[in-house]
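In what follows, a single structure is set out as structure tokens and then discussed.
In what follows, chains carry the letters A, B, and so on, assigned in the order in which the sequence lines appear, proteins first and then strands, with residues in each chain numbered from 1.
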Number of protein chains: 2
Amino acid sequence: MTRRVTIADIAAAAGVSKGAVSYALNGRPGVSETTRTKILAIAAEMGFVPNRAARSLSVSSAQAVGIALRRSARTIGIEPYFMELISGIEATLSAGSFGLTLQIVGTVEEELEVYRRWWAERRVDGVFLCDVGTSDQRLDFIADLGLPAVAVGGPIEGARFPAVWHDDAEPSRDILEYLYALGHRRVARIAGIPGLLHTAIRDKAYDDTAADLAFESVTTIHSDYTGEQGAQITRRLLSSAKRPTAIVYDNDVMAVAGLGVAHELGLEIPEQLSLVAWDDSQLCRLTHPALTSLTRDIPAYGAKCAEVLMSLIGAATETALQTTETRTFSVQCKPAQLSPRGSTGPAQN
Amino acid sequence: MTRRVTIADIAAAAGVSKGAVSYALNGRPGVSETTRTKILAIAAEMGFVPNRAARSLSVSSAQAVGIALRRSARTIGIEPYFMELISGIEATLSAGSFGLTLQIVGTVEEELEVYRRWWAERRVDGVFLCDVGTSDQRLDFIADLGLPAVAVGGPIEGARFPAVWHDDAEPSRDILEYLYALGHRRVARIAGIPGLLHTAIRDKAYDDTAADLAFESVTTIHSDYTGEQGAQITRRLLSSAKRPTAIVYDNDVMAVAGLGVAHELGLEIPEQLSLVAWDDSQLCRLTHPALTSLTRDIPAYGAKCAEVLMSLIGAATETALQTTETRTFSVQCKPAQLSPRGSTGPAQN
DNA sequence: CTGAAAGCGCTTACAG
DNA sequence: CTGAAAGCGCTTACAG
């Protein structure tokens with residue numbers, strides 16, 4: 001159990017004041033180049049790493065950001081989305097040697113409480129807001145707190161902090177046009193949670209596109225994103241008299257579950273039924289046939305979100321320095337691209 | 001942007017010293033009951049939450065623990081295991097109002113560096129060590145640092161800190177006996193990464209059990225746990241002359257991929273091939289047929305790991321107080337149970 | 001039981 | 001360019 005070295009140790013070894021050590025270490029004026037290099041050498045030799053708490057207390061910054069996820073213990077694991085997002089976030093954070101504090105909560109109330117506590121404790125300098133809703137009390141709550149934040153999703157009208165988002169309307173249109181071109185006229189969509197912003201955006205895009213094309217029917221049924229509901233709703237849809245010839249799922253987990261149901265009912269894919277998934281994770285390539293899906297680069301998205309938050313916090317990460325224009329209030333990322341695979345084919349009515 | 005209230009504010013409002021406020025808040029002797037209740041009331045009214053950095057600096061404790069995960073951005077999401085584990089860990093941590101710092105790393109060197117930095121910065125009071133290897137340099141590294149830690153996996157011989165683990169030998173035996181009873185005589189296992197401790201334990205258990213029963217062949221092929229390799233190895237196995245009638249997978253993702261390959265080859269499940277998965281996540285119930293698998297309660301496991309770490313750190317969580325005997329160096333959890341589903345059936349040789 | 005003071009390890013004006 | 005000092009917001013011996 002080695003002892004931790006402090007600036008006092010370095011100061012003593014270098015024969016200078018603690019202040020000088022601090023200036024040297026932080027690349028600030030106030031020390032000559034010779035003393036600076038000498039101090040730096042000694043610090044490196046002694047393996048100095050500054051005590052976070054002391055630094056935080058001095059500069060009033062936690063050197064960390066937080067993310068609160070509202071899911072149950074059982075369902076959180078199944079969505080590859082979050083881990084990929086976090087993974088991307090971290091890539092940017094580490095560059096600025098910021099830490100990520102993660103908290104899983106059960107209810108909105110708990111989530112708000114976490115934000116308040118984090119803010120009051122100064123445990124984090126900013127937060128990522130996930131699963132943005134169409135009318136989301138967390139937005140004002142966080143803004144009122146004065147806690148820097150980035151919404152992972154958008155666009156958000158009248159937002160008081162930046163939102164980083166993909167346009168979901170265009171891919172929604174892409175899917176329907178693609179299915180239409182394949183001859184599908186009865187299409188169903190098993191959508192996500194109705195209160196979520198991106199669900200609403202997709203809802204509207206589907207409706208708009210459907211109105212432009214001569215579909216026989218385009219139905220949307222909302223779900224809770226779980227495989228159970230995906231399976232259940234698929235079973236119901238496929239048991240109806242005029243069953244759809246194509247089903248679009250708002251995530252990958254439900255699509256996999258839907259494929260399971262299709263197998264269960266003995267339907268040939270894609271001959272008798274075409275399936276499309278949103279959020280292409282590795283899952284979509286594990287099944288047979290592989291699932292046609294909408295592909296986004298989630299780690300890159302997470303990295304972008306982190307960049308915006310860092311620049312908001314004013315942290316001097318390299319990336320943040322390069323792209324100070326990310327301070328704008330809405331950052332749009334490249335929309336999801338359709339990746340056609342074996343689960344879609346021409347309709348046989 | 002409300003102002004954060006400090007103990008100085010409370011002291012002023014209550015007309016006492018900061019020391020008195022601290023004693024009152026921390027339930028220590030040194031203040032009369034009347035002043036204590038008065039101070040507490042004022043603190044509550046002002047919405048006081050202590051500044052973490054200041055507290056940490058004083059007591060030399062970060063009030064946080066860390067977990068470093070070594071995966072790539074693309075593959076980390078697919079394994080439900082980690083999020084479930086983290087979710088369980090958090091349930092215990094929140095009770096003691098400890099935070100969880102998460103870091104995703106690419107290499108062992110990076111991981112060791114993270115531990116050293118965390119320790120030097122005093123950013124965490126302890127860490128969880130995942131993916132324990134048969135010969136794991138991280139064990140001594142962490143122990144030498146004097147950083148409290150819990151190994152998520154074991155048992156570890158001569159360990160210098162506690163390990164929390166499930167017995168994997170018994171379930172391994174269960175699977176083989178079950179398959180044998182179903183009449184399977186050619187069984188293959190697509191195992192995980194060879195260097196991992198639990199892989200080695202399962203390897204031995206399979207070998208031992210196989211030796212006790214009259215199998216025609218029991219082969220083990222190691223993999224990297226990804227769906228790609230799961231699919232690839234399954235394809236190779238099923239294309240061989242004397243193909244196995246049952247395949248056991250060391251995780252769920254590979255099992256799902258294996259099922260996809262079976263479908264691809266037109267094999268009837270379970271008539272022509274039985275499949276078994278380890279680590280029953282929701283994934284196993286999404287497919288058709290649903291996958292027979294070995295079920296463990298991962299969130300509960302995570303909670304147990306956190307309990308042991310908290311007790312090690314000496315934090316006064318309620319759970320830790322109740323179970324101080326968790327300071328022992330090896331905590332065994334309930335082994336995984338076989339959950340038979342549609343993917344296994346009698347062998348048709 | 002209570003108050004004044006020192007200290008945790010940094011940063012940062014402020015004099016020399 | 002350099003040093004001594006105060007301060008961040010807590011905790012905790014140490015006197016009264």
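- Nearest to the side chain of B/T35, among C/dT2, C/dG3, D/dT11, sits C/dT2.
- Residues B/L112 and B/R138 meet the side-chain proximity criterion, which asks for heavy atoms closer than 4.5 Å.
- Each of D/dC10, C/dT12, C/dG9 was ranked by its minimum atom distance to the side chain of A/V59; first place goes to C/dT12.
- What separates CZ of B/R122 from P of C/dC10 is a distance of 10 Å, to the nearest Å.
- A salt bridge does not link A/R70 to A/D131: none of the charged side-chain nitrogens sits closer than 4.0 Å to a carboxylate oxygen.
- Under the 4.5 Å side-chain criterion, counting only non-hydrogen atoms from C-beta, A/L93 is in contact with A/M310.
- Using a 4.0 Å heavy-atom criterion, one finds that A/S17 contacts the bases of the nucleic acid, with or without backbone contacts as well.
- Rounding to whole angstrom units, CD1 of residue A/I7 and C1' of D/dA5 are separated by 13 Å.
- Two residues, B/G30 and B/L57, neighbour DNA chain C, and the one matched to the more 5' nucleotide by heavy-atom proximity is B/G30.
- Per the geometry, CZ belonging to B/R28 stands 15 Å off P belonging to C/dC1, to the nearest Å.
- Distance NZ (A/K18) to C1' (C/dA13): 15 Å, rounded to an integer number of Å.
- Applying the 4.0 Å criterion to OP1 and OP2 of C/dT2, one finds that B/S32 has a side-chain N or O inside that range.
- Contact check for A/T6 versus A/N51: no side-chain heavy atoms found under the 4.5 Å cut-off.
- Atom CZ of A/F48 is separated from atom P of C/dG9 by 11 Å (rounded to the nearest Å).
- Residue A/R55 contributes atom CZ, which lies 7 Å from atom P of C/dT12 at whole-angstrom precision.
- Checking D/dT2, D/dG9, C/dT11 against the side-chain heavy atoms of A/S58 singles out C/dT11 as nearest.
- Taking only side-chain atoms of A/A20, from C-beta outward, the nucleotide of D/dG3, C/dG9, C/dT2 with the closest atom is D/dG3.
- For the strand DNA chain C, secondary-structure stems (runs of at least three Watson-Crick or G-U pairs, all distances below 3.5 Å) span C:1-3 with D:14-16, C:5-12 with D:5-12, C:14-16 with D:1-3.
- Scanning all heavy atoms of the two residues, the minimum distance from B/Y301 to B/V164 falls at OH-O, 2.7 Å.
- B/Y115 is listed as a side-chain neighbour of B/V127, based on a closest heavy-atom distance under 4.5 Å.
- Rounded to an integer number of Å, the gap from A/N51 CG to D/dC10 P is 16 Å.
- Electrostatic pairing of B/R71 and B/E79 counts as a salt bridge here, judged by a charged N lying under 4.0 Å from a carboxylate O.
- Of all nucleotides listed (D/dG3, D/dT11, C/dG9), D/dT11 comes nearest to the side chain of B/S22.
- A straight line from CG of B/N26 to P of D/dG9 spans 17 Å, rounded to a whole angstrom.
- When distances are taken from the side chain of A/Y23 to each of D/dG3, C/dG9, C/dT2, the shortest belongs to D/dG3.
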